[in-house]
Amino acid sequence: MAQHITEVQHWLQNAAHIAMLTGAGVSAESGVPTFRDAQTGYWARFKPEDLATEDAFRRDPACVWDWYAERRSNLQHVQPNPGHRAVADFQHRHPGRLTLITQNVDGLHQRAGSPGVLALHGNIFEDQWLDACALARRPQDACHVGQAEPGRPPRCAQCGNMVRPAVVWFGEMLPSAALAAAEQAAARCQVMLVVGTAGVVYPAAGLAHRARAAGAQVVVVNPEPTELDEVADAVLRGTSARLLPLLLD
Ligand code: BV8
């Protein structure tokens, strides 16, 4: 693989524009469970459609709210890892050359100092209304929202509207501005790094296909096989915390 690493380093040094798509794997070495990890992954205990959907929240708000509360609590105790920091440091050394697109909602890229993160699936630490509230555009603008309690999503005291996490659930549209910027980055990059993602969830995973179709070299960084290996010009079998500092010098 050393030859592959040297080759990819060369591609990156010659790339005017780099796009990077990250998934849960880049936070694994910070101690954040991935979705598909058979032992500890979130999906090991639940299925995506059972929790990360609006229907699931309307059907059982307590269960879904508690799942996000647990994840938010776990994230209080973790730090960005060398992979997150390598990306942020590269972005600061080479302003505008690397566009970071993430599927993660954990905020660790932002905490590592990455600028302009395109967070396709939102941010787990932010809230939004489940339905529009006549009194305030966002829960944080409302002075009349009850406290979050285990098993009880906060509600507007006036209209009873429930608060939900400001993440993109399955079946929901992605934020149009972030997705458009991500698609533009994929179309204009010379190299796309696809790091720490199984490449299963769309339209995020489609960005690798888009980059490839536009003539970019696609590089997958992952210790395991992924759905995107087949569109990759190079597959680096390793972890992001070890490989990203080598690639983004
Ligand atoms: C939508 C937020 C329009 C919530 C998440 C085609 C086109 C469009 C849509 C679809 C389509 N086909 C199917 C769909 C529907 C669906 C979808 O993709 N379903 C999948 C399951 C087939 N997509 C949607 O619903 C999207 N919306 O398209 O709207 C629309 C509307 C209606 C009908 C049709 C279209 C919305 C998707 C967003 C869902 N929200 N997150 C929350 O977090 O709770 S998804 C969530 O799961 C994550 O954000 C992430 O995207 C995904 C998990 O994937 P990964 O990040 O890859 O993580 P995973 O655990 O799977 O893998 C970890 C990887 O890391 C592994 O490969 C592992 O080997 C690796 N790894 C482990 N350790 C390390 C490592 N790598 C490096 N270093 C390590 N140390």
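Note that ligands are numbered from 1 as they come in the structure, with each ligand's atoms numbered from 1 the same way. Because the structure is predicted, anything quoted here is derived from the model rather than measured.
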How far apart are the closest heavy atoms of [X] and [Y], and which atoms are they?
{"X": "Thr34", "Y": "Ala28", "result": "CG2-CB, 4.0 Å"}
{"X": "Leu21", "Y": "Gln103", "result": "CD1-CG, 4.2 Å"}
{"X": "Leu118", "Y": "Ala182", "result": "CD1-N, 3.6 Å"}
{"X": "His17", "Y": "Arg188", "result": "CE1-NH2, 2.7 Å"}
{"X": "Thr226", "Y": "Ala198", "result": "CB-O, 3.7 Å"}
{"X": "Gln9", "Y": "Leu246", "result": "NE2-O, 2.9 Å"}

Only heavy atoms of [X], strictly under 4.0 Å: list the atoms of ligand 1 that pass.
{"X": "Tyr68", "value": "4 (C), 42 (C), 44 (O)"}
{"X": "Arg71", "value": "42 (C), 43 (O), 44 (O)"}
{"X": "Glu224", "value": "69 (O)"}
{"X": "Val200", "value": "20 (C), 22 (C)"}
{"X": "Ala24", "value": "55 (P), 56 (O), 58 (O)"}
{"X": "Gly23", "value": "56 (O)"}
{"X": "Glu29", "value": "78 (N), 79 (C), 80 (N)"}
{"X": "Met173", "value": "3 (C), 29 (O)"}

So, does Arg237 use its side chain to make a donor-acceptor pair with the main chain of Glu224 at under 3.5 Å? yes
By salt bridge (Lys or Arg N to Asp or Glu O under 4.0 Å), Arg155 pairs with (sequence neighbours left out) none
Drop me the distance from Met20's CE to His109's NE2, to the nearest 0.5 angstrom.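 Spacing of CE (Met20) from NE2 (His109) equals 7.5 Å.
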Rounded to the nearest 0.5 Å, what separation is found between the CE atom of Met162 and the CZ atom of Phe57?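 Rounded to the nearest 0.5 Å, the CE-CZ separation comes out at 5.0 Å.
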Would [X] count as a polar contact of ligand 1, with the cut-off being nitrogen or oxygen pairs under 3.5 Å?
{"X": "Val26", "answer": "no"}
{"X": "Thr226", "answer": "no"}
{"X": "Ala52", "answer": "no"}
{"X": "Thr239", "answer": "no"}
{"X": "Val105", "answer": "no"}

Answer yes or no for Thr22: is there a heavy-atom contact with ligand 1 below 4.0 Å? no
With a 4.0 Å cut-off on heavy atoms, is Gly171 in contact with ligand 1?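 Under 4.0 Å: yes for Gly171.
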Option whose closest heavy atom lies nearest to [atom], chosen from [options]:
{"atom": "atom 26 (C) of ligand 1", "options": "Trp169, Tyr202, Phe170", "value": "Tyr202"}
{"atom": "atom 79 (C) of ligand 1", "options": "Pro203, Gly25, Ala205, Pro33", "value": "Gly25"}
{"atom": "atom 62 (O) of ligand 1", "options": "Ala198, Gly122, Pro225, Ser30", "value": "Ala198"}

Taking it one step at a time, do Asp127 and Val145 satisfy side chain to side chain contact (heavy atoms under 4.5 Å, CB included)? CA-CA 12 Å; Asp127 287 331; Val145 173; over 6 Å; no
